[in-house]
Amino acid sequence: MSKQWGDKRFNALNYHLRQEFGTKVFKVSLDAGFTCPNRDGTRGVGGCAFCSPAGSGDFAGARALSIKSQFHQVREMMHRKWPQAKYIAYFQAFTNTYAPSPVLRELYYSILEENGVVGISIATRPDCLSEDTLDLLAELNQKTYLWLELGLQTVHRATADAMNLGYGWDEFVKALGGLRKRGIRVCPHIILGLPGEDRGMMMETASVLASRDIQGIKIHLLHVMRGTRLETLYRQGGFELLTQDEYVRLVVDILEILPPEIVIHRLTGDSPREALIGPEWSLKKWEVLNSIDAELRRRDTWPGKFHHGTGGQVPDPTF
């Protein structure tokens with residue numbers, strides 16, 4: 001028997017937020033002026049191989065503006081479509097816990113002062129969560145609706161090293177434990193199509209995550225963007241990009257093994273047209289999303305159909 005969450009066969013973030021707040025809630029993407037430890041030399045230089053010069057914040061507010069000016073600018077643009085909506089302030093670009101906790105406190109709380117803000121979403125790396133920062137996030141979690149978006153991308157150490165992530169599974173597990181001990185919702189990010197990974201490896205990343213105490217997930221399509229290390233590798237013939245059909249089937253395979261209640265924050269990714277090298281089919285975002293919906297209906301499937309619980313059946317990866 002098929003399952004439905006509103007008009008979808010998965011618990012989409014939009015549906016979840018409507019259930020939580022009783023109205024449309026949209027995310028206001030911000031660039032708070034951070035950098036990353038593998039850009040400034042702490043862990044490395046050059047950043048992750050796939051990461052754009054904007055630190056994956058290509059659709060965030062303009063860095064030259066103050067955080068409040070960015071918020072007002074992005075909010076008003078989106079308000080034209082949803083005039084009655086509420087907002088989640090989304091600290092998106094670069095690593096948004098990479099600063100002393102007093103700096104972070106002032107930044108986060110300044111946005112909570114804005115009218116209509118019902119929550120905060122913070123994107124960061126698993127190696128940038130000190131005890132002071134975790135305690136600040138726990139305090140914030142008591143005052144507002146909070147998501148911590150935690151970059152994982154892959155459980156495979158060889159891939160993580162090749163992509164210059166500067167962290168791996170062990171750091172992720174430690175960060176996840178610290179966050180969940182404090183009751184904070186966690187949304188890991190994974191990327192499908194990373195160089196050197198076949199279907200089995202990508203499914204292994206999803207399977208390991210499915211056995212963990214996570215509340216959401218973002219599934220990204222690998223984009224090759226101008227100005228990245230990945231561009232050089234791609235132009236040298238170092239790997240092939242997924243086709244749309246391959247990607248759609250893989251996303252549905254992953255959804256089937258995830259816990260049914262998990263909040264699906266994203267099923268594909270965005271890239272500015274002028275920055276994208278490939279795959280070009282990703283520019284037709286709604287066509288991709290509609291194809292995923294169609295594949296779920298065709299299979300008569302949903303998240304949790306093949307999920308086996310979180311009883312520790314999947315061990316920590318050793319690769």
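Position 1 is the first residue of the sequence; numbering continues from there. Heavy atoms only: backbone and side chains are in, while hydrogens, waters and symmetry mates are out. Just so we're clear, the structure is a prediction, and the values are computed from it rather than from any experiment.
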Joint cluster assignment, L165 & M201, ILVMFWY side-chain distance < 4.5 Å: no
Check against ring-ring contact (aromatic ring centres under 6.0 Å, His included), F91 and Y108: CA-CA 9 Å; F91 292 89; Y108 301 153; 5.4 Å; yes
Worked verdict on H307 versus E256 for side-chain hydrogen bond (donor to acceptor under 3.5 Å, both in side chains): CA-CA 7 Å; H307 177 61; E256 289 179 327; over 6 Å; no
Verify same cluster id: I264, I254 (apolar side-chain graph, 4.5 Å): yes
Lys/Arg N to Asp/Glu carboxylate O, R299 vs E295, below 4.0 Å: yes
Check: L104 and I122 side chains under 4.5 Å, non-hydrogen atoms: no
K285/T268 under side chain to side chain contact (heavy atoms under 4.5 Å, CB included): CA gap, chis, key distance, verdict: CA-CA 8 Å; K285 180 179 178 180; T268 186; 4.0 Å; yes
T154 vs E197, side-chain hydrogen bond (donor to acceptor under 3.5 Å, both in side chains): CA-CA, chis, key distance, verdict: CA-CA 9 Å; T154 178; E197 293 205 353; 2.6 Å; yes
Short side-chain to backbone donor-acceptor contact, H16 and Q19, under 3.5 Å: no
Atom of L146, atom of L137 and distance for their closest heavy-atom approach: CD2-O, 3.5 Å
Distance-only polar pair, side chains of Y98 and T42, donor-acceptor under 3.5 Å: yes
L222 side chain reached by L192 side chain, heavy atoms, under 4.5 Å: no
4.5 Å side-chain heavy-atom contact, P100 and D132: no
T228 side chain to C51 backbone, donor-acceptor under 3.5 Å: no
Smallest separation among heavy atoms of P259 and A210, with atom names: CG-O, 3.8 Å
Donor-acceptor pair between N14 and K24 side chains, under 3.5 angstrom: yes
Atom pair CD (Q215) and CG (N11), whose distance is rounded to the nearest 0.5 Å: 12.0 Å
Pairwise distance CD(E231) to CZ(R235) - rounded to 0.5 angstrom: 4.5 Å
Electrostatic pair D135:R182 at N-O distance under 4.0 angstrom: yes
E139 and Y109 side chains, donor-acceptor separation under 3.5 Å: yes
Flag side-chain contact, heavy atom, 4.5 Å: P195 against L233: yes
E76 atom CD: more than 12 heavy-atom contacts under 6.0 Å: yes
CZ on F94 to OG1 on T35, rounded to 0.5 Å: 6.0 Å
Note: D293-R9 ion pair, threshold 4.0 Å (strictly below): no
Student check: side-chain heavy atoms of E287 and Q244 closer than 4.5 Å: yes
Neighbour count >12 (heavy atoms, 6.0 Å) for atom CD, E106: no
Side-chain donor/acceptor of D161 to backbone N/O of G166, under 3.5 Å: no
Intermediate values then yes/no, salt bridge (Lys or Arg N to Asp or Glu O under 4.0 Å), K174 and D170: CA-CA 6 Å; K174 180 181 178 181; D170 290 344; over 6 Å; no
Which atom of A93 lies closest to which atom of D31, heavy atoms considered: CB-CG, 3.7 Å
Ring center gap for F172 and Y167 short of 6.0 angstrom: no
Test salt bridge (Lys or Arg N to Asp or Glu O under 4.0 Å) applied to R125 and E171, step by step: CA-CA 9 Å; R125 295 162 53 97; E171 290 91 340; over 6 Å; no
Ring center gap for Y145 and F21 short of 6.0 angstrom: yes
pair P126-L152: side-chain heavy atoms closer than 4.5 Å: no
Smallest separation among heavy atoms of L276 and S282, with atom names: CD2-OG, 3.6 Å
Atom NZ of K68 with >12 non-hydrogen neighbours under 6.0 angstrom: yes
CZ-NE2 distance between F50 and H223, expressed to the nearest 0.5 angstrom: 12.5 Å
Steps toward salt bridge (Lys or Arg N to Asp or Glu O under 4.0 Å) verdict (E149, R185): CA-CA 9 Å; E149 299 192 21; R185 298 175 189 86; over 6 Å; no
Side chain D40, main chain V45, donor-acceptor under 3.5 Å: no
Minimum heavy-atom distance between L129 and A175, given as atom pair plus value: CD1-CB, 3.8 Å
Distance under 6.0 Å and angle within 45° of ring axis: K305 vs W302: yes
Same apolar cluster: L30 and I88, side chain cutoff 4.5 Å: no
Residues E274, R226; criterion salt bridge (Lys or Arg N to Asp or Glu O under 4.0 Å); working and verdict: CA-CA 9 Å; E274 64 277 8; R226 301 185 192 282; over 6 Å; no
Closest non-hydrogen atom pair between C48 and N38, with its separation: N-ND2, 3.5 Å
Value rounded to 0.5 Å, distance of CD1 in I262 from SG in C187: 7.5 Å
Ring-face cation contact, Y90 with K27, 6.0 Å cut, 45° max: yes
Side-chain heavy-atom pair H220, I190 within 4.5 angstrom cut-off: no
Side-chain donor-acceptor contact under 3.5 Å, Q153 with H189: no
Working for side chain to side chain contact (heavy atoms under 4.5 Å, CB included), residues L255 and L267: CA-CA 10 Å; L255 288 176; L267 288 177; 4.1 Å; yes
E246 and R199 ion-paired at < 4.0 Å: no
Shared hydrophobic cluster, W147 / Y87 (ILVMFWY, side-chain heavy atoms < 4.5 Å): no
W281 and Y247 aromatic ring geometry - parallel, tilted or perpendicular at 30°/60° bounds: tilted
N115-E113 side chain donor-acceptor pair, cut-off 3.5 Å: no
Steps toward side chain to side chain contact (heavy atoms under 4.5 Å, CB included) verdict (T133, T124): CA-CA 12 Å; T133 298; T124 193; over 6 Å; no
Sub-4.5 Å side-chain heavy-atom contact between Q70 and S29: no
Same apolar cluster (I L V M F W Y, side chains within < 4.5 Å links), V155/V173: yes
